[in-house]
Amino acid sequence: MSAQPFAQPLAEAAGSAAPLAHSLAQPFAQPLAASAASLVQSVDWLAVAPPLIAAVVALGVLVADLFLPEDRKNLLGWISVASLAAAALMLLPLLDGDRATFCLTGTGTGTGTGTGSSTGAARACSYTADHFTLVIQLLVLGGALLAALLSITTLDDDRRRVPPGEFWFLLLSATAGAALLPAARDLATLIVALEVASLPAFALVGIRHGDGRSAEAALKFFLSSVTATAVSLMGVSFVYASTGTLYLTQVAQRLPDTPGQLHTLAQTGVVLTLIGFAFKTAAVPFHFWVPDTYVGAPLPVAAYLSVVGKAVGFSGLILVTVVAFPSYADVWGPALAVLAALTMTVGNVGALRQQATRARSAVRLLAWSSVGQAGYLLVPIAAAGYAKDPQKAIGSTVAYALMYAAVNLGAFAVAAVVGRSRAGNRISDYRGLYATHPVTAPLMAFFLLCLAGLPPGIIGLFAKVTVFSAAVDAGLGWLAVVMAVNVVIALFYYLQWTALLFRAPEGEAVRHRIPAPLTAAITLAGVAGIALSGAPQLVLRFAATGLF
């Protein structure tokens, strides 16, 4: 039987079905094509350059460590220092305006990269290089640079127990995460950056082989940080379930309009997220890991954690409170005010109780002092929950953080000098430091007076007055009183340590040569502190103008 009678009708049916299929598929093909096109974005490489340089060099250092002979591995330290300096210099081209990348298309104006302040602010973006980002990245990269200079000397002295390749890889990786975090404008990027900054820090604390104290410190740091991350992730998941978005600006818009059945979930998410970041800032009662971690870690790592680690926690806290959760200011404002009062009080009392003859008492005092300083840093953030102009209050925190970073790293650098000849690094070991190091001792005195807020440390006095004013302007008079009392408490142990520097030494004074990297770190910290003291009003103007 011939197939011809059936073939012709089938061909005609297929021919008529083709236009029909095309017409039916057209409505679906156009949105899919548009969606695919909207996902294609160009990356603003200049905006992401500072953290990217640190991340790329970290990988390069790890690979180079495999091929360099043992006697040439000190080059890795200088490569790391140069990369951090280059990353900091890449902030200069970003000063001309806000830049944003990794943005949702179709929101606001412009394309995926935005280079203007209007376009960057109008869109929901994952990465924004605004003024706040640049100031915190300057603090992070500058602090990491000074910590790297301290580390070069430490690795030369302790090469057998500290592998240089792994050390520099971990330090640069943590710095890349710390530089990424202030630019994060969605909760997912924020958490990822937080973990990239934190995970290498655990290993840095416990990197000394065969040191039980270092391993114990790393374990305490790890457990506390993992707990904080778990709590933060739970809070972020609740916020996402309530609002349907991870972008900070969209979260701020949708939280006030959360449906009634999701209101409790949203409140719980906000509270859990804040608790997680309170761990990261070492706020009381989440501070228990700080003293033992600082004492057990290598001194440059303790210096890094005291400044860069603190900047990570506080910048994240600022982003989630002021940018993402402004509608819950009546919740986080009072909570942070109480945390600030507790943190500064417990920190200063803990520092006051340190015995001068106890081993590692100098580092332990600086650790407790950093807890007290964290309380001062929390005051303006709490005030932002009450103030009509939250940006001005946040500017006080940023200005205080800049001052604290310079002088606290300087104090740790001097502690590294003393630790080279006195392994115990007791406060009593600083007696007569002026006789052995006539330049280093006055600089140490200057750093301590800045932390205390006394002349000639004008920048320290100015920063404390600025924070005090933020509390008074927000109507937090009781918190201003608590801060004033704590400043007086801190004066005692800072002045006691300062006086010890200029007393007659016990026994014959023996001078020791200070290595060049250590000298450079002390000099840079001293120049920064003196320069900031010379023009303190410029610091506040730089820190507070157009943060978001």
Side-chain angles (χ1 to χ4, degrees), residues 124 126-128 132 136 177-178 180-199 223-259 262-287 289 309-340 342-343 374 377-378 380-385 390 393-394 397 548:
S126 294
Y127 188 103
T128 300
F132 172 79
I136 300 300
L180 172 63
L181 190 138
R185 292 298 182 271
D186 70 70
L187 291 170
T189 306
L190 196 65
I191 295 297
V192 169
L194 191 65
E195 287 311 292
V196 173
S198 300
L199 290 174
L223 292 176
S224 63
S225 190
V226 166
T227 302
T229 301
V231 172
S232 296
L233 282 173
M234 182 68 73
V236 167
S237 66
F238 287 175
V239 171
Y240 176 69
S242 306
T243 61
T245 183
L246 291 172
Y247 290 95
L248 302 184
T249 53
Q250 293 184 352
V251 168
Q253 293 169 0
R254 298 181 188 182
L255 267 182
D257 302 323
T258 305
L262 297 177
H263 190 60
T264 302
L265 186 67
Q267 286 182 323
T268 306
V270 170
V271 171
L272 290 178
T273 305
L274 293 177
I275 290 175
F277 278 97
F279 268 97
K280 299 295 184 180
T281 59
V284 173
F286 313 115
H287 69 293
W289 57 273
K310 201 172 258 63
V312 167
F314 277 98
S315 57
L317 185 63
I318 289 170
L319 289 174
V320 297
T321 53
V322 177
V323 179
F325 305 150
S327 58
Y328 279 80
D330 58 335
V331 175
W332 54 259
L336 292 181
V338 173
L339 282 179
L342 287 174
T343 302
L377 287 164
L378 281 170
I381 305 177
I394 295 303
T397 289
F548 300 109

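Residues Pro380 and Ala393 share a closest heavy-atom pair of CB-O, 3.0 Å. Between Leu262 and Ala241, the shortest heavy-atom distance links the atoms CD1-O, 4.1 Å. When every heavy atom of Ala382 is checked against every heavy atom of Gly333, the shortest pair comes out as CB-O, 3.7 Å. Minimum interatomic distance between Ser327 and Leu255 (heavy atoms only, all atoms of both residues): OG-CB, 3.8 Å. Between Leu181 and Gly316, the shortest heavy-atom distance links the atoms CD2-N, 3.4 Å. Leu223 and Thr227 make their closest contact through O-OG1, 2.8 Å (heavy atoms, listed as atom of the first residue, atom of the second, distance).
A distance of 3.5 Å separates OG1 of Thr229 from CD of Glu195, quoted to the nearest 0.5 Å. Put simply, CZ on Phe325 and OG1 on Thr273 are 4.5 Å apart, with the number rounded to the nearest 0.5 Å. Taking OH of Tyr240 as the reference point, atom CG of Leu187 lies at 11.0 Å (rounded to 0.5 Å). Between atom CG of residue Leu336 and atom OG1 of residue Thr321 there is a gap of 6.5 Å, rounded to the nearest 0.5 Å. Considering CD1 of Ile381 and CZ of Phe314, their distance stands at 5.5 Å, rounded to 0.5 Å. Separation of atoms NE2 (His287) and CG (Leu342) is listed at 10.0 Å; rounding is to 0.5 Å.
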>> Could you walk me through whether Phe132 and Ile318 satisfy the side chain to side chain contact (heavy atoms under 4.5 Å, CB included) test, starting with their C-alpha distance in whole Å, then the side-chain angles of each, then the deciding distance to 0.1 Å, before giving a yes or no?
In response: CA-CA 10 Å; Phe132 172 79; Ile318 289 170; 4.1 Å; yes

>> For Val284 and Leu339: C-alpha separation, side-chain torsions, deciding distance, then whether side chain to side chain contact (heavy atoms under 4.5 Å, CB included) applies.
In response: CA-CA 6 Å; Val284 173; Leu339 282 179; 5.8 Å; no

>> Show, in sequence, the C-alpha distance, side-chain angles and deciding distance for Leu248 and Asp186, and conclude whether the side chain to side chain contact (heavy atoms under 4.5 Å, CB included) test is met.
In response: CA-CA 5 Å; Leu248 302 184; Asp186 70 70; 5.5 Å; no

> Where do Val312 and Lys280 land on the side chain to side chain contact (heavy atoms under 4.5 Å, CB included) test, with the steps shown first?
Replying inline: CA-CA 8 Å; Val312 167; Lys280 299 295 184 180; 5.9 Å; no

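Between the side chain of Thr281 and the backbone N or O of Ala278 there is at least one donor-acceptor pair closer than 3.5 Å. Under the 3.5 Å distance criterion, the side-chain polar atoms of Thr397 are matched with a main-chain donor or acceptor of Leu377.
Pairs engaging residues 262-283 under the ring pair (Phe, Tyr, Trp, His ring centres under 6.0 Å) rule: Phe279-Phe286 [sequence neighbours left out].
The shortest distance between side-chain heavy atoms of Leu378 and Leu317 falls below 4.5 Å. Side chains of Val196 and Leu180 form no contact here, defined as non-hydrogen atoms less than 4.5 Å apart. Residues Val331 and Gln267 form no side-chain contact, since every pair of their non-hydrogen atoms from C-beta on lies 4.5 Å or further apart.
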